[in-house]
Amino acid sequence: MTLQEYLEFRKRVVELDVDAMKKVETKSPPIDAADFVLRVSYVILNSGMRWTVAQDIWTRMKLSLIETGEVGDTFGHPGKKKSINQVVSNRSEYFDGFRSAWQNGPDAVIEFCETLPHIGGITKYHLAKNLGVDIAKPDVWLERVAANSGEGVQELCSRLSKLAGDSVSTVDYVIWKTCQQGWWRTKHSQTPTTNRMTRVRRGLTTLKKN
């Protein structure tokens, strides 16, 4: 992805959801154990699940976590439900561990994230990002965009971050939203051969009209 492409996509993302962009730009670490629990729970819920489906569940789950301190009947996945309840039950201990890791820098936070229940080698980046680390989550969509320009996800996002003056987290979100909306696929679905054929068809149509 070039800087020009990124800036064009960023403009469309801002037009689509200004508030979301502001939240990404001002991401800060959790202020207390309750805030920490909500951020971790959100990532556990979203892992391996379509974002649109997760949002609907999260609306119910967040309210239950705040009011009762449990997932309750808002969600049926036994493994994730158990993991979230475990984080809630041990929130003070986990939050203390996070604060210690935060003092030691981004790499320590990422390493800490993988020690939490249901957080794996990819999800740890999503969680670290949600906890305030300026990093990209190497999900399938970002991997495809990065591969298109012969880069890794972190390399791609860092490059565009420096060129555009945006945080890495913002670049991550813009690319993710671009893919989620189908804009990247539409822009890059046409191969050179397809483009040539399109021009030929247009030429033939023009000849017929004349």
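Values below: every heavy atom of this structure, side chains too, minus hydrogens, waters and symmetry copies.
The hydrophobic clustering, which links ILVMFWY residues whose side-chain heavy atoms are closer than 4.5 Å, places Ile175 and Val168 apart. Cluster membership for Val174 and Val18, using ILVMFWY side-chain heavy atoms within less than 4.5 angstrom, is shared. Under the 4.5 Å side-chain contact rule for hydrophobic residues, Val24 and Leu156 share a cluster. At a threshold of 4.5 Å between side-chain heavy atoms, the hydrophobic network of Ile, Leu, Val, Met, Phe, Trp and Tyr places Leu63 and Tyr42 in two separate groups. Cluster annotation: Val153 is not connected to Ile122 through the hydrophobic network of ILVMFWY side chains, with a link wherever side-chain heavy atoms come within less than 4.5 Å.
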**OP:** Would you please test Ile135 and Gln154 for side-chain contact (heavy atoms from CB on, under 4.5 Å) and show each step?
**Re:** CA-CA 7 Å; Ile135 196 167; Gln154 304 303 335; 3.4 Å; yes
Subject >> Working for side-chain hydrogen bond (donor to acceptor under 3.5 Å, both in side chains), residues Ser149 and Glu151 >> reply: CA-CA 6 Å; Ser149 55; Glu151 300 171 282; 2.7 Å; yes
**OP:** Determine, step by step, whether Trp176 and Val13 satisfy the side-chain contact (heavy atoms from CB on, under 4.5 Å) criterion, reporting the C-alpha distance in whole Å, the side-chain angles of both residues, the deciding distance to 0.1 Å, and the verdict.
**Re:** CA-CA 10 Å; Trp176 175 83; Val13 170; over 6 Å; no
Original post:
So Met21 and Leu16, side-chain contact (heavy atoms from CB on, under 4.5 Å) or not? Walk me through it.
Top reply: CA-CA 9 Å; Met21 281 294 292; Leu16 184 69; over 6 Å; no
Original post:
Hey, mind stepping through Thr178 and Val145 against side-chain contact (heavy atoms from CB on, under 4.5 Å) and telling me if it holds?
Top reply: CA-CA 10 Å; Thr178 294; Val145 175; over 6 Å; no
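The two residues Ser47 and His118 come nearest to each other via the heavy atoms OG-CD2, 3.6 Å. The minimum heavy-atom distance linking Cys157 with Leu142 is given by the pair SG-CD2, 4.0 Å. Contact detail for Leu7 and Ala164: the closest heavy-atom pair is CD2-CB, 4.2 Å. Among all heavy-atom pairs drawn from Ala54 and Leu45, the shortest one is O-CD2, 3.6 Å. The two residues Val71 and Asn85 make their nearest non-hydrogen contact at N-OD1, 3.2 Å. Heavy-atom minimum distance, Ala108 versus Ala101: CB-O, 3.5 Å.
Phe9 and Trp183 have parallel rings, their planes meeting at less than 30° on a 0 to 90° scale where 60° marks the start of perpendicular. The aromatic rings of Phe112 and Phe98 sit tilted, their planes meeting at an angle between 30° and 60°.
Environment of CD in Glu15: crowded, with over 12 heavy atoms of neighbouring residues, nucleotides or ligands closer than 6.0 Å. Atom CD of Glu155 has more than 12 heavy atoms from other residues, nucleotides or ligands within 6.0 Å.
At least one side-chain heavy atom of Tyr94 sits under 4.5 Å from a side-chain heavy atom of Pro117. In this structure, Pro106 and Asp134 have side chains that are not in contact, with every pair of non-hydrogen atoms separated by 4.5 Å or more. Side-chain contact between Asp35 and Asp32 is present, with heavy atoms from C-beta onward closer than 4.5 Å.
Atom CZ of Phe36 is separated from atom CG of Leu131 by 6.0 Å, given to the nearest 0.5 angstrom. Atom-to-atom distance recorded for Asn130:CG and Leu127:CG is 6.5 Å, nearest 0.5 angstrom. The CD atom of Gln181 sits 10.5 Å away from the OG1 atom of Thr186 when rounded to the nearest 0.5 Å. How far CG of Leu65 is from CD1 of Ile84: 6.5 Å, rounded to the nearest 0.5 Å. Taking CD1 of Ile44 as the reference point, atom OG1 of Thr123 lies at 9.5 Å (rounded to 0.5 Å). Taken to the nearest 0.5 Å, the CG atom of Asp172 stands 8.5 Å off from the NE2 atom of His126.
Listed for the Asn148 side chain is no donor-acceptor partner under 3.5 Å among the backbone atoms of Met1. Judged by distance alone, with hydrogens and angles left aside, the side-chain atoms of Ser100 form a donor-acceptor pair with the main-chain N or O of Asp96 at under 3.5 Å.
A salt bridge links Asp166 and Arg10; the closest N-O separation between the charged side-chain nitrogens and carboxylate oxygens is under 4.0 Å.
Residue Trp141 is tested with Arg185, Lys177, Gln180 for a side chain to side chain contact (heavy atoms under 4.5 Å, CB included); the sole match is Gln180.
Using modelled atom types and a 3.5 Å distance limit, the side chains of Glu114 and Tyr125 yield no donor-acceptor pair.
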